[in-house]
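Just so you know, ligand 1 is whichever comes first in the structure, and atom 1 is the first atom listed for that ligand.
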Amino acid sequence: MARPVFAQVNLAALRSNLALARAKAPRTQVLAIVKANAYGHGLMRVLPALDDADGLGLVELDAALRVREQHYSRRMLLLEGFFEERELAEIAAHRLATVVHHADQVRMLEHAKLARPLEVFVKVNTGMNRLGFAPADVAEVCARLSHAPSVAALRLMTHLARADEEDGVRDALAAFEMACNGLPYPRSIANSAGVFRAAEVGGDIVRPGIMLYGATPFAYDTAQMLGLAPVMTLRSELIATQALKAQDTVGYGAQYTAARPHRIGVVACGYADGYPRAAPNGTPVLVCGRRVRMVGRVSMDMITVDLSEVPEARIGSPVVLWGEGLPVDDVAAAAGTVGYELMCGVMPRVRFVTTEIGRVDLEL
Ligand SMILES: *Cc1c(COP(=O)(O)O)cnc(C)c1O
């Protein structure tokens with residue numbers, strides 16, 4: 001038998017989460033964000049579940065070209081734009097849309113002679129201070145691009161730095177409004193957190209990422225509270241058990257000491273599978289459907305769990321590292337990170353299995 005760790009991707013859950021994004025932001029176009037190999041789920045694997053999106057957003061040109069090879073015909077937006085002028089011919093040939101966020105890109109577009117003009121999203125910096133033009137410069141950039149023969153259509157876009165915080169969007173929206181003042185182009189503002197606040201955030205095109213995969217964009221509202229279903233479940237099995245005596249320690253560095261005699265289980269999943277090495281004693285794991293505590297240090301190929309509460313557990317018992325029954329956000333919080341990083345970090349040696357488990361009921 002093969003090493004038992006695998007990641008299960010539930011396409012029914014992904015469809016349900018996309019339907020929720022649609023329902024939260026009605027009358028807007030939805031660009032499903034699939035950068036980083038669809039947040040680690042496998043872009044080609046999830047593509048069939050994204051039929052209902054108006055298009056895709058990603059940062060990798062090579063991935064966008066692979067999607068076009070699959071005859072995907074809808075809009076695809078390059079979220080960081082292009083890096084060199086010679087990429088523009090390929091972008092035009094494959095009808096990709098591009099972000100433009102700095103003056104060099106404007107110059108390259110003015111310079112380029114393209115077979116087909118492009119849809120361009122002008123990015124406005126509203127406080128994230130990573131990419132984008134200062135609000136005061138946006139009118140001039142749009143004026144220049146609107147005269148460039150290689151530009152077919154303009155959109156205005158920003159990315160919110162604090163859409164997940166109660167009071168986090170007011171200033172950014174005011175800055176965006178100022179930048180867009182009087183410009184007649186469609187607008188794209190909301191990420192997942194913004195989609196849940198669509199009435200306040202507004203815009204014509206939304207860009208949900210993390211919510212599609214069933215994790216929460218918020219610190220306090222859980223995925224379950226939001227009506228999101230987990231898409232990825234990382235599963236494995238117990239491959240050994242040990243009976244500890246009081247004062248026995250577990251694993252490298254003896255990071256856990258048994259206060260009393262109890263059993264532990266050894267799970268075939270470690271940091272070389274993408275389990276976070278920073279996860280401390282007490283990080284939740286499901287064994288036989290029951291929530292137990294991880295004990296001892298995460299090693300390359302294994303973790304160890306306390307079986308005190310699961311007397312029936314034995315070699316071969318099913319384990320969930322995150323996903324169905326154990327939100328990835330709970331594991332991420334214990335490890336001091338976010339669900340995004342855990343899902344993106346599943347390593348190449350982990351097998352993937354695609355399912356369409358049952359019907360996922362959408363509660364609005
Ligand atoms: C990643 C990304 C998104 C999606 O963000 P989530 O928090 O995952 O919803 C939206 N817009 C841009 C520009 C992004 O880079």
Nearest protein heavy-atom contact for [atom]: which residue, which atom, what distance?
| atom | result |
| --- | --- |
| atom 15 (O) of ligand 1 | Lys35 NZ, 2.6 Å |
| atom 10 (C) of ligand 1 | Arg207 O, 3.4 Å |
| atom 12 (C) of ligand 1 | His159 CE1, 3.4 Å |
| atom 8 (O) of ligand 1 | Tyr39 OH, 2.6 Å |
| atom 9 (O) of ligand 1 | Ser192 OG, 2.5 Å |

Tell me whether [X] has any N or O atom under 3.5 angstrom from an N or O of ligand 1.
| X | value |
| --- | --- |
| Met157 | no |
| Pro208 | no |
| Lys123 | no |

Self-check item: Exercise: do His159 and Arg207 side chains pair donor with acceptor under 3.5 Å
Solution: yes
Practice problem: Classify the angle between the aromatic ring planes of Tyr39 and Tyr213 as parallel (below 30°), tilted (30 to 60°) or perpendicular (above 60°). | Solution: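 The rings of Tyr39 and Tyr213 lie parallel, inter-plane angle below 30°.
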Exercise. For Arg235, check salt bridge (Lys or Arg N to Asp or Glu O under 4.0 Å) against everything at least two apart and list the hits.
Key: Glu324
Any salt bridge linking [X] with [Y]? Criterion: basic side-chain nitrogen under 4.0 Å from a carboxylate oxygen.
| X | Y | result |
| --- | --- | --- |
| Arg74 | Asp51 | no |
| Glu309 | Arg290 | no |
| Asp137 | Arg144 | no |
| Glu165 | Arg170 | no |

Quiz prompt | Enumerated ligand 1 atoms positioned under 4.0 Å from heavy atoms of Tyr340 | solution = 6 (P), 7 (O), 8 (O)
